[in-house]
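The structure appears right after this line, and notes come after that.
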Amino acid sequence: MELRHLRYFIAVAEELNFSRAAARLHVSQPPLSRQIRGLEAELKVKLLDRNTQGVRLTRAGHAVLVRSRKLVCDAEALRAEAQTIDKESEEELRIGYAPSPTAVIISGVLARYHELSPGAGVSLHDLTHTEMLSGLRAGKLHAALTIRPTVREMRGLKFETIRCHPVGIICSNSSPLARQPAVRPSLVAMSELVVYRATEFPEYHHWVSKILRVSQGRLMVIQECADVLSVIAAVESGRGAAVVGEFITAVAGDRVRFVPFVSEAHFLEVGLLYRQGRVGENVRKLVAVCLASKQPT
């Protein structure tokens, strides 16, 4: 049985006239009649009653018509999906990323992805958290390597954790806090802070406020910075401490000292963010790589 046979039957069943059905299908009537008889023979049922008055569906014909429409519809959907997947598999994979949180994982993830897709194109885009969220929803990005969004931000998106990092502060090596094995958030709340610019990283200010349990207006901000290197430089010069995830040490090295918070409840998840629902072959491979790279908890 071929889909062509089903399409011919659907046309006759809807027109209830072989001449009109043949015109609709752009075929001559004799081949159309042969195809319908062949379908009936293959199914071993009579689908149409033909007489001088016209054509009508048998009881079996009504049932087969419903099923035929679904099969043809499913076949068209499969064709469209296959073409989309084929196009996406050849398309350059656009990945947003946050440099500091992903410094530990990004090279390994990309190396494993290229093992699965040799020669595949990948473009990396250094973006803020907000830019990555909007880029994913607008279809400008296929995926993003970043920290886990809030529950509210996760609408329509899916996140796969790769690493969990403790949260604490970085301070200058000469700071009294640098000699501590851990620090209480309440103590940091009373300290001068180096932060990212509120205009570009509003979610960071909200996060720091939540960690330190003080309102954003009461944070003792001594300097705002445009990027992670500026934050590290300001802290290294003794301007103040910065609330960060441990992953920043991959960028800062020994220029500053990371001191975790006393509470073990404070940590950041870093991983892959992508749209829910149907994804292309390239994104599926990237997800598989990230799952294989996941650090045991």
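Given the structure is predicted, the values throughout are model-derived calculations rather than measurements. Below, all heavy atoms of this structure are taken into account, side chains as well, without hydrogens, waters or symmetry copies.
The nearest pair of heavy atoms linking K285 to S117 is CD-OG, 3.0 Å. The two residues H205 and L219 have their closest heavy-atom pair at O-CD1, 4.3 Å. What you find for A22 and L32 is that their closest heavy atoms are N-CD2, 3.6 Å. N282 and H142 make their closest contact through ND2-NE2, 4.4 Å (heavy atoms, listed as atom of the first residue, atom of the second, distance).
The hydrophobic clustering, which links ILVMFWY residues whose side-chain heavy atoms are closer than 4.5 Å, places I248 and L229 together. Side-chain heavy atoms closer than 4.5 Å link hydrophobic residues (I, L, V, M, F, W, Y) into clusters, and following such links, possibly through other members, connects V45 to V12.
In this structure, CG on L93 lies 8.5 Å from NE2 on H114, to the nearest 0.5 angstrom. For the atom pair CD (E160) and CG (L286), the distance works out to 10.5 Å, reported to the nearest 0.5 Å. For the atom pair OH (Y8) and CG (L3), the distance works out to 12.0 Å, reported to the nearest 0.5 Å. Put simply, CD on Q35 and CG on L25 are 10.5 Å apart, with the number rounded to the nearest 0.5 Å. Going from atom OH of Y274 over to atom SG of C290 covers 9.0 Å, rounded to the nearest 0.5 Å. One finds the CZ atom of F247 at 9.5 Å from the OG1 atom of T249 (value rounded to the nearest 0.5 Å).
Other residues, nucleotides and ligands contribute only 12 or fewer heavy atoms inside 6.0 Å of the NE2 atom of H206. Annotation: R137, atom CZ; neighbour count of heavy atoms from other residues, nucleotides and ligands within 6.0 Å is above 12.
M132 shares a hydrophobic cluster with L127, L133, L136, L141, M154, L157, F159, L273; the chain of contacts runs through ILVMFWY side chains whose heavy atoms sit under 4.5 Å apart.
Under the 4.5 Å side-chain criterion, counting only non-hydrogen atoms from C-beta, F261 is in contact with L212. Within the 4.5 Å cutoff, the side chain of T146 has no heavy atoms near those of the Y97 side chain. When side chains are defined from C-beta on, F201 does not count as touching H129, because their heavy atoms never get closer than 4.5 Å. R24 has its side chain out of reach of R20: every pair of non-hydrogen atoms, C-beta onward, lies at least 4.5 Å apart. Put simply, the side chain of I36 reaches to within 4.5 Å of the side chain of F18, judged on heavy atoms. Using a 4.5 Å heavy-atom threshold, the side chains of V27 and P31 count as separate. In this structure the side chain of H125 reaches within 4.5 angstrom of the side chain of R94, judged on heavy atoms. With contacts defined as side-chain heavy-atom distances shorter than 4.5 Å, the pair L145/L272 qualifies.
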Please determine whether side-chain contact (heavy atoms from CB on, under 4.5 Å) holds for the pair R275 and K158, giving the CA-CA distance in whole Å, both sets of side-chain angles, and the decisive distance to 0.1 Å.
CA-CA 6 Å; R275 293 190 300 276; K158 191 170 182 179; over 6 Å; no
Just do the side-chain contact (heavy atoms from CB on, under 4.5 Å) check on L110 and I95 with the steps written out, would you?
CA-CA 10 Å; L110 292 177; I95 305 174; 4.2 Å; yes
Applying side-chain contact (heavy atoms from CB on, under 4.5 Å), run through E92 and V122 and close with a yes or a no.
CA-CA 5 Å; E92 182 179 70; V122 174; 5.6 Å; no
Working for side-chain contact (heavy atoms from CB on, under 4.5 Å), residues T161 and V270
CA-CA 6 Å; T161 301; V270 178; over 6 Å; no
Give the C-alpha distance, both sets of side-chain angles, the deciding distance and a yes or no for salt bridge (Lys or Arg N to Asp or Glu O under 4.0 Å) between E40 and R37.
CA-CA 5 Å; E40 290 177 318; R37 285 196 297 270; over 6 Å; no
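Residue pairs meeting the salt bridge (charged side-chain N to carboxylate O under 4.0 Å, His left out) criterion with at least one member in residues 102-129, sequence neighbours excluded, do not occur.
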Show the atom names and distances, to 0.1 Å, of all donor-acceptor pairs under 3.5 Å that link a side chain in residues 100-109 to residues at least two apart or in another chain.
unit_1	atom_1	unit_2	atom_2	d
T102	OG1	A98	O	2.6

Solution key, residues 230-246 side-chain donor-acceptor pairs under 3.5 Å, sequence neighbours excluded:
unit_1	atom_1	unit_2	atom_2	d
S230	OG	D227	OD1	2.8
E236	OE1	R255	NE	3.0
E236	OE1	R255	NH2	2.9
S237	OG	A233	O	3.4
S237	OG	A234	O	2.8
R239	NE	Q223	OE1	2.9
R239	NH2	I222	O	3.2

Distance-only criterion, 3.5 Å: show the donor-acceptor pairs between side-chain atoms of residues 181-199 and protein atoms not counting sequence neighbours.
unit_1	atom_1	unit_2	atom_2	d
S191	OG	L187	O	3.1
R197	NH1	E200	OE2	3.0

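Contacts of E269 classified as salt bridge (charged side-chain N to carboxylate O under 4.0 Å, His left out), with partners at least two apart in sequence or in another chain: R148.
With H62 contributing its side chain and R59 its backbone, the two residues share no donor-acceptor pair below 3.5 Å. The main-chain N or O of L177 is found under 3.5 Å from a side-chain atom of S175 such that the two form a donor-acceptor pair.
Salt bridge status for E14 with R69: present, with a side-chain N to carboxylate O gap under 4.0 Å. We find that K210 and E203 are not joined by a salt bridge, their nearest charged nitrogen and carboxylate oxygen being 4.0 Å or further apart.
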